[in-house]
Number of protein chains: 2
Amino acid sequence: MSVAQKSSAADRAHAHIRAAIMRGELTPGRMLSENELAATLSMSRTPVRAALTRLQDEGWVTIYAQRGALVRELTADEVRESAETRQALESAGIRLAGPAQREGLAARLADNLDQQEQALLGGDVPGFAVLAMRFHRAFVELSANSMMLSIYDRLQDRQYLSILRSADRISSDPRQTIAEHRILLGHAQRGDWTAFATALDEHQARNHGHGATW
Amino acid sequence: MSVAQKSSAADRAHAHIRAAIMRGELTPGRMLSENELAATLSMSRTPVRAALTRLQDEGWVTIYAQRGALVRELTADEVRESAETRQALESAGIRLAGPAQREGLAARLADNLDQQEQALLGGDVPGFAVLAMRFHRAFVELSANSMMLSIYDRLQDRQYLSILRSADRISSDPRQTIAEHRILLGHAQRGDWTAFATALDEHQARNHGHGATW
DNA sequence: GACATCCAACTGGGATACAAGTAGGGTACG
DNA sequence: CGTACCCTACTTGTATCCCAGTTGGATGTC
């Protein structure tokens, strides 16, 4: 499959705008014009429009009738609600996990944790954030439930920026975070899934409020 | 606010098609044409297209390029995954509930249960199904988390038909369902939320597999 | 009859044209 | 100077047009 997947103009527009927001080029409060976007992307308004409505469904922008699309700010409430929802799915993932799913978990978590430590030693905060996000995503993967996973991804995706920002705030004591992660890993290695679930709840409760989940 | 909310043609198209699917007029496997829909709705293809893409995002149809939009069938896997996800959110709702949210719960559940029994006595199975859905939705409402609630609504909404269908299958022993619901109510009335959460888990586990959650 | 081929009638994707609504600045008037 | 008004320059919403891809039946061939 070396041939590039032919994508529609609408998909390209969606990816472009979304990436620009994630990179921080398009900041909240910025007003987007269909004409302007169409011009920079060398396409007509039609696919741009489709992309914007999709971005609205995904929570990135708000479209005001006859006025334009506004890049949305994540409110504090939204961050909190999103974190709560993600935690709910993580807990469910643990509960739904069967032996087959649990099989390779400990090894993967251990590997991820090593990388987390290396990232911190190298001062790579964004790298650490991504790894921590993957660490938690692994719990939802346990569910073997693609619907849950897609919902989770959407939430985590949308929070990417604020998670990255909160990384700075938290980096004062990242060792504490990793220590808690290591406790989870220990339970997983021993196969004590009840203790694992309990520890995850506590871990989440401790992080409750700052928006990031790790 | 007696004036009817002015809605866009795209919104009308979306509501129309979605309602037709929910009513069972448009059955899975049916191929929808933009031209045909535009004609029956007396509008151009443009708003119809917007509606169809949105319906695709919501899981109602699948759009095949240059061929048309297919009304989707709910696969068994999808029903199972959806049920698991809904249960995850219900459990989270209970856990997140504060005293303020728990306040009126018992009364509301009791009222709902009375209506459930009346519906069954009257042989109103669809009515019973709707009431049972509301019963479970109440748990998610406890979370005071609008994001969770909207995700839950979308899942429940999409499963509406299969839930209604499974109502027939289950109606053989609806008293058992109501009895379990009454146990939950009892815990809520006593304020024993730990027992409530446990009973909910068991209740869900018992229903696991038939797609409906009640 | 079986099969390859072709072609016409569809499909949706995108570009463009037009309609309708909004916001804000300039202007006339008090 | 303040205020109401209006007009212009935007915006999105919808309609229409064109294009490329798909499909399935008619047709020709063996």
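Every chain is numbered from 1 and lettered A, B, ... according to where its sequence line falls, protein lines coming before strand lines.
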Review point. So which heavy atom on B:Arg108 is nearest to which on B:Gln101, and how close?
Key: NH2-O, 4.4 Å

Review point. Looking only at heavy atoms, what is the nearest atom pair of B:Leu52 and B:Ile17, with distance?
Key: CD2-CD1, 4.1 Å

Practice item. Please evaluate the base of C:dG14 for a donor-acceptor partner in the side chain of B:Arg49 within a cut-off of under 3.5 Å? Key: yes

Pairwise N/O distances under 3.5 Å, protein to nucleotides 23-26 of chain D:
residue	atom	partner	partner atom	Å
D:dT23	OP1	B:Arg67	NE	3.3

**Study point:** Residues B:Gln56 and B:Thr62: side-chain donor-acceptor under 3.5 angstrom
**Key:** no

Practice item. For A:Ala10, report the nucleic acid contact type (base, sugar-phosphate, nothing); a contact means any heavy atom under 4.0 Å. Key: sugar-phosphate

Review point. Between B:Arg72 and B:Glu78, is the closest basic N to carboxylate O distance under 4.0 Å?
Key: yes

Write down the distance between [atom1] ([X]) and [atom2] ([N]), rounded to a whole number of angstrom.
X: B:Leu70; N: D:dT22; atom1: CG; atom2: C1'; result: 16 Å
X: A:Leu55; N: D:dT12; atom1: CG; atom2: P; result: 14 Å
X: A:Gln56; N: D:dT12; atom1: CD; atom2: P; result: 12 Å

Exercise for review: Between B:Pro47 and A:Ala69, just flag the one whose closest nucleotide in DNA chain D comes earlier from the 5' side.
Suggested key: A:Ala69

In terms of heavy-atom contacts, does [atom1] of [X] have more than 12 from other residues, nucleotides or ligands at under 6.0 Å?
X: B:Arg95; atom1: CZ; result: yes
X: B:Arg134; atom1: CZ; result: no
X: B:Glu58; atom1: CD; result: yes

**Study point:** Residues in contact with DNA chain C, drawn from residues 27-46 of chain A - heavy-atom cutoff 4.0 Å
**Key:** A:Met43, A:Ser44, A:Arg45, A:Thr46

Revision key, fill the gap. Contacts of A:Gln118 meeting side-chain contact (heavy atoms from CB on, under 4.5 Å) (sequence neighbours excluded), chain-then-number -> none

